[in-house]
Amino acid sequence: MRAWILSSDESPENYSSLVWAESRGKAKAQANYDSPYMYQYNLEVDDFTSIRAIRAKSLDNGEELSEKEICLRLIKNYGWSFYIGNEIYDEDSIKEFEKLFEV
């Protein structure tokens, strides 16, 4: 399935969300989806036309990857940051971020 990064100026914190869908329209339909994964965020968008959906081709067919692998690819390939508690994890703190997934 195709991977899409959703965003909107209407979103309260200007967050992005990663979803998988067959088309741009089906991806946009997932903008307000609450998910247990840290890479999927409810954008809280009222106006469907304000949603941007751009392809994340390196994550196509990646639905079966682990949450850790998906997040690491988002950090490395797309410059994402993850906010957990009072910490920000990005390219500069990727080793610390990886440790969060150790059991």
Exam field: side chain Asn32 to backbone Asn42, donor-acceptor pair closer than 3.5 Å = no
Donor-acceptor list for residues 57-67 side chains, cut-off 3.5 Å, not counting sequence neighbours:
| unit_1 | atom_1 | unit_2 | atom_2 | d |
| --- | --- | --- | --- | --- |
| Ser58 | OG | Asn77 | ND2 | 3.4 |
| Ser58 | OG | Tyr78 | OH | 2.9 |
| Asp60 | OD1 | Ala3 | N | 2.8 |
| Asp60 | OD1 | Arg55 | NH1 | 2.8 |
| Asp60 | OD1 | Arg55 | NH2 | 3.4 |
| Asp60 | OD2 | Arg55 | NH2 | 2.7 |
| Asn61 | OD1 | Met1 | N | 2.3 |
| Ser66 | OG | Glu69 | N | 3.0 |
| Glu67 | OE2 | Met38 | N | 2.8 |

ask   = Does Tyr89 have any ring-ring contact (aromatic ring centres under 6.0 Å, His included) partners at least two apart in sequence or in another chain, and if so, which?
value = Phe97
inquiry  = Strictly by salt bridge (charged side-chain N to carboxylate O under 4.0 Å, His left out), give each pair with a member in residues 24-34 just once, sequence neighbours left out.
reply    = Glu22-Lys26
request  = Would you please name every residue forming a side chain to side chain donor-acceptor pair (under 3.5 Å) with Gln40, sequence neighbours left out?
outcome  = Ser35
note = Residue set satisfying side chain to side chain donor-acceptor pair (under 3.5 Å) with Ser7, at least two apart, ordered chain then number -> Arg52
In one Ile/Leu/Val/Met/Phe/Trp/Tyr side-chain cluster, 4.5 Å: Tyr33, Ile70 = no
inquiry  = Run the side-chain contact (heavy atoms from CB on, under 4.5 Å) test against Asp47 and tell me which residues pass, sequence neighbours left out.
reply    = Glu10, Thr49, Ser50
task = Return the set of residues passing side-chain contact (heavy atoms from CB on, under 4.5 Å) with Ala27 (not counting sequence neighbours), or none when no residue passes.
result = Trp4, Leu6, Val19, Ala21
query = What are the two closest heavy atoms between Leu43 and Ser8, and how far apart are they?
reply = CD1-N, 4.5 Å
Rounded to the nearest 0.5 Å, how far does [atom2] of [Y] lie from [atom1] of [X]?
{"X": "Ile5", "Y": "Ile54", "atom1": "CD1", "atom2": "CD1", "answer": "5.0 Å"}
{"X": "Ser93", "Y": "Ile88", "atom1": "OG", "atom2": "CD1", "answer": "8.5 Å"}
{"X": "Leu72", "Y": "Glu91", "atom1": "CG", "atom2": "CD", "answer": "11.5 Å"}

task = For side-chain contact (heavy atoms from CB on, under 4.5 Å), just list the numbers for Ser17 and Tyr39, CA-CA rounded to whole Å, side-chain angles, deciding distance to a tenth of an Å, and then say yes or no.
result = CA-CA 6 Å; Ser17 182; Tyr39 54 83; over 6 Å; no
ask   = Are any non-hydrogen side-chain atoms of Tyr41 and Ser16 less than 4.5 angstrom apart?
value = no
ask   = Given side chains that start at C-beta, do those of Leu74 and Phe82 come closer than 4.5 Å, heavy atoms only?
value = yes
